[in-house]
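Throughout, numbering of the chain's residues begins at 1 and tracks the sequence.
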Amino acid sequence: MSYPYQIRSMEEYEKAYKDSISHPDKFWSSVAEHFRWKKKWNRVLEWNFKEPRVRWFDGAKLNITENCIDRHLEKLGDKPAIIWEPNNPEERVRVVTYNRLHKRVCQFAQVLKNNGVKKGDRVCIYMGMVPELAYAILGCARIGAIHSVIFGGFSAQSIADRLYDAEAEYIVTSDGAYRGGKDIPLKSVIDDALIGNRTVKKVIVYTRTRTPVSMLKGRDVWWEDEMEYAETQVEKEGIVSFPAEEMDAEDPLFILYTSGSTGKPKGVVHSSAGYMVWTTYSFVNVFQYNPGDIHFCTADIGWITGHSYIIYGPLSAGATSVMFEGIPTWPDAGRFWDIVDKHKVNILYTAPTAIRSLMGFGLGPLKGKDLSSLKILGTVGEPINEEAWHWYDENVGKKKCPVVDTWWQTETGGILISNLAGVTPARPSWATLPMPGVQPVLVDENGKEVTQKDEHGLLNGNLCIKAPWPSIIRTTYGDHDRCRQNYFAAYPNLYFTGDGAWKDDKGNFRITGRVDDVLNVSGHRIGTAEVENAINMHTGVVESAVVGYPHDVKGQGIYAYVVYGHIHGDEEMTRRDILQTVTRVIGAIAKPDKIQFVKGLPKTRSGKIMRRILRKIAEGETSNLGDTTALLDPGVVEEIKQGKL
Ligand code: PRX
C-alpha cells in the first residue's frame, strides 16, 4: 500500500495546506479517492456551524472495516495487523495477521447478529486491552452497530449512566482484565451497572482472567461459545465472509463519552466516512508512516487516542499496530523499552504523563535496551513541558527521531495541530502547525480575533477552528443542542475547543491548556463539576469546590475544598471515605489528590464560588490573589490559606 497523499517536504506541506483551504472539495476528494467505497459521494462537504450541521462525502456508501481489513487482504493478508503484547511479559505474544483479523471480525459480526444486534444498535464495550477488544469494535462496525467503548477505570455508576444515555442494548465485556499487578473484575462491575437497567438484552463475556463471574441465564453468554457456534455456521450454512453492512457516509460509527465543564459526560458521536479519511490521512502524514513500519501507540482503547491511532487510522493504512495490555511501570519501569526492543518498534506514541513518570526512574531502566529501531516519537493528551520533551528526545530518540507533539481532542476525532515527523519543524512544547484543512484562530472573550501581540511578541487567545475538517464531532448522542451549546455557541460560526493557545509570527501554535472548568489529569479529561457532584454525594458534605493544580507527573492534580458538616471519626478517615465515594460514583481516575476541609468557600455576594482564588491557593500562591473586593466574607480566604495542604 502506498499513500499518494503523503506529504514529504515543507514545500509539499505548504502546497497541500493552501490547496486544502482554497479548494477543499477538490483536495478532499483527491484524498478520498484512495479508499474503498461501495458508492462515491455526491457532494464533498456541506456545513453550517449554527445548528451545527456537517456532512462530509454525502451520498457515499462504505463500510470502514472493508477499508481497515478487506482491501489489504490480497497484498498484506499474511502481514501483522496487530501485535499483541500481554500484561505479563512471560505470556505468549499474539500476532494477528490481516487474514486472521478478517476471520475473527467476520466471526464476531456473526455472533452479534446471532444475538440480535442490528445496524444502528448501540453496543457498549467494557474490556481490557486484548485483541478481542479490536474484534468487538470492528465487528460492530462491520454490522453497522454503534460501539461505545468505556475505559476500564470507570465505575459501575458511570457505566450505568452511559448505558442509559446511549440506550445501549448490548454489552461486550470480559470476566476481568490484567493491568500491572492487578486483576480488575470487569464483569462484576458490569453486573453492578446493570442493577435496575431496563435496556440491556445481552452481555457477551470474554474469558481473560478466569475470575469467577455470575452468568445470568438468558442474558449473559460466553464469547468463546458464541464464536465457536459462529464458526460451525461457516460449515453448516456456508457463511464465508460476513458481508460488510452498507453504511451512509454520515451514519454514526461510534459514541465516546467525554467530560465537559458542566453536568454528566457527553456522548461524542463520530461518523463513518469523514472519521475514516481523517484518521488515515493524519496517521500517514503526522507519523510519516511507511509500509512495514511497526507503530506502537501506548494509549488505552477506552480513549479516543486508542480508537484513532491503534485501531482505525493504522489499520486503514494497512499498518502494523502494537497493542499493549499492561502499564509502563510493570513489572518494572523498563517495560516500554522492552517492548520497543522486542518488537523493533519504529514509531512510539505516548503521553507526557508517561514520559514524566518514567523520567522519575532515571536512566537505569533504559540500560541495555536496544532502541535503535525507533524512527519517530510522538506525544499526545496534554501540554508537554520542555524538560520532558528533551528527555524523550535525548534518551529515547537519541536525538535522531523527530518528536511530534500532536494536539487534538475526543471531539476532533484525529490530530489537528502537529508537526509532520521530519517534514515540518519540531519545537519543544509547541504543537506547531495546523494540518491541511484545519483553520485555527485565536479569539478574545468576545469572539474577536486576537491581533495584538502580548509582551512575548505572541498572539494569545482562545483556540477556535473556523471550518469543519472531516472528523469533526457530529453531535452529542441524544441531545444535539448540547453539542451546539458546548462547542458552537460560545463564538458564532466557530468551533470552540475549550483550550487557550499562543501563536507566533510563523503560524506555530503552543497550547497552554484548558480555559474552562475541565481538568487534564494524566492526559485524561475530568470535569470539576463532575468531581464536585461526586464529593457532594458523600453524607456529611455540605458543599465542595474542585480545582486543578500543577502536578509533577500527572500534569494536573485534583484539589478539593470541602465544607463538612460533621466529621465521622477523624479527618483522615473522612478523607478516605470521600475518596471511596468518588471512586464509586465516577471511578478511581477522578479521586482528588488533596482534600482540604474548610469552614466555607469564597463566594461573591450573589453566591458564586470564586474559583480563581481557590486555584491560586492550590497552586501555592498566597500573597497575590488578585481582586478580592467582590468577596462576601474575606475571612474565609484567610482560613483557607492557613489550612493549605
Ligand atoms: O487540553 C487539550 C489537551 O487534551 C484535551 C483533549 O482531551 P481528550 O478529549 O481527552 O483527548 C486527548 C487525546 C487527544 C485538549 O482540549 N491536549 C491534547 N493534546 C494536547 C493537549 N494539550 C497540549 N498539547 C497537546 N499535544
Nearest 0.5 Å, what's the [atom1]-[atom2] distance between [X] and [Y]?
X      : Y      : atom1 : atom2 : answer
Phe336 : Phe324 : CZ    : CZ    : 6.5 Å
Leu463 : Arg514 : CG    : CZ    : 10.5 Å
Ser148 : Arg162 : OG    : CZ    : 8.0 Å

**Study point:** Close side-chain approach of Asn493 and Phe488, heavy atoms under 4.5 Å
**Key:** no

Check your understanding: So do Ile311 and His307 actually touch side chain to side chain, heavy atoms under 4.5 Å?
Key -> no

Is the number of heavy atoms from other residues, nucleotides or ligands within 6.0 Å of [atom1] ([X]) greater than 12?
X      : atom1 : result
Asn48  : CG    : yes
Lys182 : NZ    : no
Arg576 : CZ    : no
Arg584 : CZ    : no
Glu571 : CD    : yes

Exercise for review: Check the pair Glu532, Ser544 against side-chain hydrogen bond (donor to acceptor under 3.5 Å, both in side chains), reporting the backbone distance first and the verdict last.
Suggested key: CA-CA 6 Å; Glu532 286 165 8; Ser544 63; 5.5 Å; no

How far apart are the closest heavy atoms of [X] and [Y], and which atoms are they?
X      : Y      : answer
Leu163 : Cys124 : CD2-CB, 3.7 Å
Thr353 : Lys554 : OG1-CA, 3.7 Å
Glu449 : Val441 : CD-CG2, 3.3 Å
Thr629 : Arg605 : O-NH1, 3.8 Å
Arg575 : Ile595 : NE-O, 2.8 Å
Val637 : Pro602 : CG2-CB, 4.0 Å

Practice item. Would you please indicate yes or no on a ring centroid separation below 6.0 angstrom for Tyr275 and Phe254? Key: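 Aromatic pair counts; centres sit under 6.0 Å.
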
Point to revise | Residue among Val404, Asp405, Asn508, Leu420 satisfying side-chain contact (heavy atoms from CB on, under 4.5 Å) with Thr432 | key: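 Among the candidates, only Asn508 passes.
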
Exercise for review: Report the C-alpha separation of Tyr487 and Phe496 in whole Å, then their side-chain angles, then the decisive distance to 0.1 Å, and conclude whether the ring-ring contact (aromatic ring centres under 6.0 Å, His included) test is met.
Suggested key: CA-CA 5 Å; Tyr487 309 105; Phe496 177 43; 9.0 Å; no

Point to revise | Side-chain donor/acceptor of Glu325 to backbone N/O of Asn87, under 3.5 Å | key: yes

Practice item. Using atom types as modelled and distance alone, determine if a side-chain donor or acceptor of Thr475 lies under 3.5 Å from a backbone N or O of Val269. Key: no

Point to revise | Summary of ring-ring contact (aromatic ring centres under 6.0 Å, His included) pairs that have at least one residue in residues 584-618, sequence neighbours excluded | key: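 Qualifying pairs: Tyr564-Phe597.
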
Check your understanding: For Asp300, what residues pass the side-chain contact (heavy atoms from CB on, under 4.5 Å) criterion, not counting sequence neighbours?
Key -> Met129, Phe151, Arg179, Trp303

Practice item. List the steps and the verdict of side-chain hydrogen bond (donor to acceptor under 3.5 Å, both in side chains) for Asn446 and Tyr491. Key: CA-CA 8 Å; Asn446 304 316; Tyr491 309 112; over 6 Å; no

